[in-house]
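All remarks here apply to the structure that follows.
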Amino acid sequence: MPDSTSKTTVTDIPSEQPRRDERFHPQPIEEKWAAIWQSDPLLYAADPVTSARTKYYVLEMLPYPSGALHMGHVRNYAIGDALARYMWMRGYNVLHPMGWDAFGLPAENAALKNNTPPREWTLKNIAAMKQQMKRLGFSYDWSTEVTTCLPDYYRWNQWFFLKMHERGLAYRKKSKVNWCPECATVLANEQVVDGCCWRHEETKVEQRELEQWFLRITDYVPELLADLDKLEHWPERVRTMQRNWIGRSDGANVDFKLEGTAGPAGDKITVFTTRIDTIYGATSIQLAPQHPLVTDLMKRNPALEIDVAKLTDEQRKAKEAGELGAIEKHGVKTGAFAINPFNQERVPIWIANYVLMDYGTGAIMSVPAHDERDYDFAKKYDLEVRIVVLPRRTEEPPEAGDAEENILPFTSEESLLINSGDFNGMSNREAIAAMTRFAEEHGFGKATTTYRMKDWGVSRQRYWGTPIPMLYCEKCGIVPVPEDQLPVLLPEKIDITQQGGSPLANVPEFVNATCPKCGGKARRETDTMDTFVDSSWYFYRYTSAKLATAPFDSDKANYWFPIDQYIGGVEHAILHLIYSRFWTKVMRDMGLIKNSEPAQRLFTQGMVIKDGAKMSKNRGNVVSPDDMIAKFGADSTRMYSLFAAPPDRDLDWQEQGVEGVHRFLGRVYRFVVKHAQPQHPEWTGKVPAQLSPEARAIQRKLHQTIAKITHDFDGRWHFNTSIAAVMELVNELYGAESAIALGAIPITLLADVQRKLILLLAPFAPYLGAELWSVLGETSVLLKEPWPQFDPALAKEDEIEIPVQVNGKLRSRISVPADSSEEFVRNAAFADEKVKAAMAGKEVVKVIVVPGKLVNIVVK
RNA sequence: GCGAGAGUGGCGGAAUUGGCAGACGCACCAGACUUAGGAUCUGGCGGGUAACACCGUGGGGGUUCGAGUCCCCCCUUUCGCACCA
């Protein structure tokens, strides 16, 4: 241990001060136990899959090795660790692993800054953070540690990539991509936030045209969406975010024939609409500026070119600014027409900057009367607004000349079609079904589902990532690296540059290769994989971390999966959690696993904030875990992060709060040190059935506390109230000091309550638990001790206080035996002097007796 | 604009099904122990009153014997989504 973490030690206290109380110094205690625990590498190892115990896989999201843990990590891991320890004590076979999401850009940036190779920098950070985790006492099985930047891990990324390529799930295409000039690389759509890079919130993302590798996540979109409904133990918030991200939209594609001669782009325009029922109100067609037909139209009408360039430019700028939603709508009339297949009407074709090529078909029918955007556009360019749907408030068609702005039903559920030929009189819903059927029958349309989600672009023009195992042969074209040549190793010696393009392209030894098909010259793919590939399946690797012949052993994975409890930040609600669901489904289809979803339960903890704001270096409100450990110890730091707020809410870090927890642990420590008498002949004896009232009170509180905490673990996870309950128990014990001094508490009970108190505390404060367990004369490993059972009979109150209300207002409290009859409680209430006074001279109308809760007397 | 949370003492937060509002902790106040206290122990601590009464869970209505909790309307706030056709 570094000296900096032990500001105070036992030896600081001069021994010639005998009057001084036994003080609580966590540092030496924690360091002692940390050393003991580290000497036993199997302490937290799970049983083999043949175990007779029920499996429980508890997992916290693995960190990026930035160099130091922050409080968010501590909170995340404190929750997982408490759960893991509890499940161990409940007798489960617990898998509780940890690893490192170790590829990524910061390593390259650090390399530029400090002239340290990314690998060295990363491994150094991992070592430092692992040390912090050990100091915090987290119960990880380090024998299953996974580090994604090491070849024994990333070779399986490559293997999966090849398998996906075989299955047609990995493909290469030229496309518009999001480019972060700061990162000098491509970003996935999921990594663009408000038009800016997720890593550089100030940097606008540019659009570039590049050849990229994609994973066909869209093949799995219907299942990814449908299975969200089965994830009932995931937060609704996360499921909603994923639903929005997937963005399912049910509608129809409808073909509008082009008037005149067809060009290379065909003789029709296919539009996607969710409101086919409004098609009789379509008064124009709007094309995205990039629509293939636009080229044909420009040939016919070269004057368009300037306008189209302008529209394209406006759209690109708006997209880069993240303000696509606020774009000033512009369009240009092409002079061409298309035919509405429902009524054979000639409809003018426009090109508009608010129509996007990458959604639907890149062409829409514009219905100004029933779509706000179309309406704005129509007003601007003076296009016809034709009402075809009315709210169903009357069977009558609208009078000609009705003020259109007032009655425009942009969306209306209970509605009536008008001006729509044979479909007049139908409701909205009926019309959508009938008109889609009509279009299908006549061959000009089809029911279609469109998704907002796109395929996952995984190419990155960076060095510190998994090399994509592909070759480009002059003769054979794209050739996958044969499986037996994996891993494609990342070269160690490399100049990192911030220039555009892949750094690997500058390493001839890497780039130049032989084609495995023809033996001729080939060039290696120099892009690396998005680091989200690494984290998409890492939790499977934990089940067989050292396996050299496969990504994991399917039998082991099938034993451990799905993860019983996954815990992490809500910031991963979309990226990581959707990619890893996709990966799981692909692996299932490959026959590697049986589960379709990675995690049974997901818990997203709240953020740790300080002074009402997120901790950040800029704000200067960062609290370092190391400082907290040095001041108050790991137990107090961890326990405070569980005590200060329910785990799903944001937590405002207050150092005085940590001090309070530290004070509490000191109280526990002093009590046990004072009252432990393991050498006493009756120490391990049975608690007598008959107890004095004082002893009975302690016993009752103990069993109530066990019940409360067990209940919290099995249910709501409100550890703040669990810890409060332990505090109450300890307060009760301090309150009994004089009774103990008088010998009114049997030594057997005193032993029992202390043992169970330590067991209850163990998931939250493992160091103090271990220390006091040995103070009590126990030699077993606390973690493997059974969780205390509560006896409802012992937890029951003998006498209870019942509030008595008169007309709903509290007037008195009566004390009655806990099992009193309703009659008895009622009579006791009426006999109470204060109640009598409140009722004086009034007539009793009604008496409500809630057994064990309260009495309410209604008088008049 | 749409969707999901949240709003309770000076502060963090309790109140699992409608049943004593404020558990537990922090801060503060007082006392004890002490050469000393920033240690420890004990007590107090929503407003109000001499004490009662009374008033108090963002605001306004409602249901109920009884509402922080259920229903309706509104305000504030956090987060997510947002020309997605």
Side-chain angles (χ1 to χ4, degrees), chain A residues 19-24 235-241 243-245 247-249 251 271-275 278 286 288 315 318 323-329 352-356 358-367 371-374 376-377 450-453 570-571 573-574 606-607 612 640 643-646 648-661 663-664 666-667 670 708 711-712 715-716 718 720-728 730-731 734-735 737 801-813 845-850 852-859:
Chain A
R19 294 193 58 93
R20 191 179 286 268
D21 291 325
E22 189 73 48
R23 290 175 73 163
F24 173 52
E236 188 53 48
R237 181 152 159 243
V238 171
R239 296 197 286 168
T240 306
M241 281 165 78
R243 258 182 223 115
N244 288 342
W245 185 260
R248 176 184 171 127
S249 188
V271 303
F272 174 70
T273 178
T274 53
R275 293 295 305 276
T278 63
Q286 305 288 342
Q315 194 178 79
E323 287 161 358
L324 208 51
I327 193 171
E328 168 94 30
K329 290 183 185 56
N353 63 358
Y354 70 96
V355 180
L356 308 172
D358 59 5
Y359 185 81
T361 59
I364 62 167
M365 64 178 199
S366 178
V367 185
D371 183 287
E372 249 179 295
R373 294 157 302 166
D374 294 347
D376 290 347
F377 191 85
T450 295
Y451 297 94
R452 201 180 80 109
M453 190 159 147
V570 74
E571 64 273 19
I574 293 178
M607 275 194 311
Y640 172 73
F643 176 65
D648 52 341
R649 274 215 236 164
D650 286 353
L651 182 162
D652 197 85
W653 195 270
Q654 295 184 358
E655 193 165 318
Q656 283 172 328
V658 192
E659 211 178 322
V661 171
R663 203 144 48 207
F664 162 70
R667 264 165 86 78
R670 282 187 299 277
K708 160 90 180 124
H711 200 245
D712 275 343
R716 303 190 305 166
H718 280 199
N720 52 332
T721 61
S722 307
I723 293 165
V726 187
M727 289 173 170
E728 283 187 58
V730 172
N731 289 345
Y734 269 82
E737 281 284 24
E801 212 177 49
I802 290 188
V804 182
Q805 299 177 335
V806 176
N807 282 351
K809 296 218 171 187
L810 181 68
R811 292 302 172 198
S812 185
R813 297 165 214 269
V845 179
K846 197 174 176 183
V847 181
I848 293 121
V849 179
V850 184
K853 290 274 188 188
L854 101 172
V855 178
N856 188 9
I857 302 167
V858 185
V859 297

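Just so you know, these numbers use all the heavy atoms, side chains as well, and skip hydrogens, waters and symmetry mates. Numbers restart at 1 for each chain; the letters A, B, ... are given by sequence-line order, proteins then strands.
- The CZ atom of A:Arg373 sits 14 Å away from the C1' atom of B:C2 (whole-angstrom rounding).
- Every residue two or more places apart in sequence or in another chain was checked for a ring pair (Phe, Tyr, Trp, His ring centres under 6.0 Å) with A:Phe272, and none qualifies.
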Anything under 3.5 Å between a protein N or O and an N or O of nucleotides 26-30 of chain B, put it in a table, one pair a line.
{"residue": "B:C26", "atom": "OP1", "partner": "A:Arg663", "partner atom": "NE", "Å": "3.1"}
{"residue": "B:C26", "atom": "OP1", "partner": "A:Arg663", "partner atom": "NH2", "Å": "2.7"}
{"residue": "B:A27", "atom": "OP2", "partner": "A:Arg663", "partner atom": "NH2", "Å": "3.1"}

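- Base orientation for B:G13: anti, the chi torsion being more than 90° from 0.
- Here A:Val804 lies out of heavy-atom contact (under 4.0 Å) with every strand.
- Atom CG of A:Asn720 and atom C1' of B:U16 are 13 Å apart (whole Å).
- Side chain A:His718 to base B:U16: no donor-acceptor pair is found below 3.5 Å.
- Without hydrogens or angle criteria, A:Asp650 side chain to A:Met607 main chain gives a donor-acceptor distance under 3.5 Å.
- In terms of the side-chain hydrogen bond (donor to acceptor under 3.5 Å, both in side chains) criterion, A:Thr361 has no residue partners (sequence neighbours excluded).
- Taking the side chain of A:Tyr734 as heavy atoms from C-beta on, and the options B:C41, B:G13, B:A85, the nearest nucleotide is B:C41.
- Annotation: proximity of residues 721-728 of chain A to RNA chain B (heavy atom, distance under 4.0 Å) is found for A:Thr721, A:Ala724, A:Met727, A:Glu728, numbered in ascending order.
- The side-chain hydrogen bond (donor to acceptor under 3.5 Å, both in side chains) search around A:Ser366 returns none, not counting sequence neighbours.
- Look at CZ on A:Phe643: it is 11 Å from P on B:G13, rounded to the nearest Å.
- A straight line from CG of A:Asp358 to P of B:C84 spans 13 Å, rounded to a whole angstrom.
- How far CD1 of A:Ile857 is from CZ of A:Arg811: 11.5 Å, rounded to the nearest 0.5 Å.
- Evaluation of the salt bridge (Lys or Arg N to Asp or Glu O under 4.0 Å) rule for A:Asp652 yields no partner, not counting sequence neighbours.
- Among the duplex regions that RNA chain B forms, those built from at least three successive Watson-Crick or G-U pairs under 3.5 Å are B:1-7 with B:75-81, B:10-12 with B:24-26, B:28-32 with B:40-44, B:58-62 with B:70-74, ordered by first number.
- Contact annotation: A:Arg239 does not reach the phosphate of B:A4 (side-chain N/O to OP1 or OP2, under 4.0 Å).
- For A:Arg239, the side-chain hydrogen bond (donor to acceptor under 3.5 Å, both in side chains) partners are A:Glu236, not counting sequence neighbours.
- Between A:Phe377 and A:Tyr354, the two ring planes are tilted [angle within 30° to 60°].
- B:C45 sits 16 Å from B:A21 when the P atoms are compared, rounded to a whole Å.
- Counting to the nearest Å, the P atom of B:C81 and the CH2 atom of A:Trp245 are 8 Å from each other.
- Remark: the separation of the P atoms in B:U78 and B:G61 is 28 Å, to the nearest Å.
- Nearest-nucleotide positions on RNA chain B place A:Ile802 closer to the 5' end than the other of A:Ile802 and A:Arg237.
- Residues passing the salt bridge (Lys or Arg N to Asp or Glu O under 4.0 Å) test with A:Glu571: none are found, sequence neighbours excluded.
- Out of B:U42, B:A85, B:G13, the shortest distance to the side chain of A:Ser249 is found at B:A85.
- Residue A:Glu236 contributes atom CD, which lies 10 Å from atom C1' of B:G3 at whole-angstrom precision.
- A heavy-atom distance below 4.5 Å is found between the side chains of A:Gln654 and A:Tyr640.
- With sequence neighbours left out, A:Asp648 forms a salt bridge (Lys or Arg N to Asp or Glu O under 4.0 Å) with no residue at all.
- The two residues A:Gly362 and A:Val355 have their closest heavy-atom pair at O-CG1, 3.6 Å.
- The residue A:Asp374 sits apart from the nucleic acid: no heavy atom pair falls under 4.0 Å.
- Of the two residues near RNA chain B, A:Arg716 and A:Arg248, the one whose nearest nucleotide lies more 5' is A:Arg716.
- Distance check on atom C1': B:G22 versus B:G13 gives 10 Å, rounded to whole Å.
- The side chain of A:Thr274 approaches B:A85 more closely than any other nucleotide in the set B:C24, B:U16, B:A85.
- One P atom belongs to B:U63, the other to B:C71, and the distance between them is 15 Å to the nearest Å.
- Every side-chain hydrogen bond (donor to acceptor under 3.5 Å, both in side chains) that A:Glu655 has, sequence neighbours left out, goes to A:Lys631.
- Of the side-chain N and O atoms in A:Arg667, none sit less than 4.0 angstrom from OP1 or OP2 of B:G25.
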Output one letter per nucleotide in nucleotides 60-69 of chain B: B when a protein non-hydrogen atom lies under 4.0 Å from the base, S when only the sugar-phosphate is that close, - when neither is. -----BS---

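- Checked by atom type and distance alone, the side chain of A:Gln315 never pairs as donor or acceptor with a backbone atom of A:Ile327 at under 3.5 Å.
- A:Arg275 is not listed as a side-chain neighbour of A:Val367, based on a closest heavy-atom distance of 4.5 Å or more.
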Set out, in order, the CA-CA distance, both residues' side-chain angles and the distance that settles side chain to side chain donor-acceptor pair (under 3.5 Å) for A:Arg667 and A:Asn731, then state yes or no. CA-CA 9 Å; A:Arg667 264 165 86 78; A:Asn731 289 345; 2.9 Å; yes

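- In this structure, of B:A14, B:C54, B:C84, it is B:C54 that holds the atom nearest to the side chain of A:Lys809.
- Of the candidates B:A85, B:G25, B:U42, the closest approach to any side-chain atom of A:Asn731 belongs to B:G25.
- When the nucleotides B:A85, B:G3, B:C55 are ranked by their closest atom to the side chain of A:Leu356, B:A85 comes out on top.
- What separates CG of A:Leu854 from C1' of B:A21 is a distance of 14 Å, to the nearest Å.
- When the C1' atom of B:C2 is taken as reference, atom CZ of A:Arg243 falls 15 Å away, rounded to whole Å.
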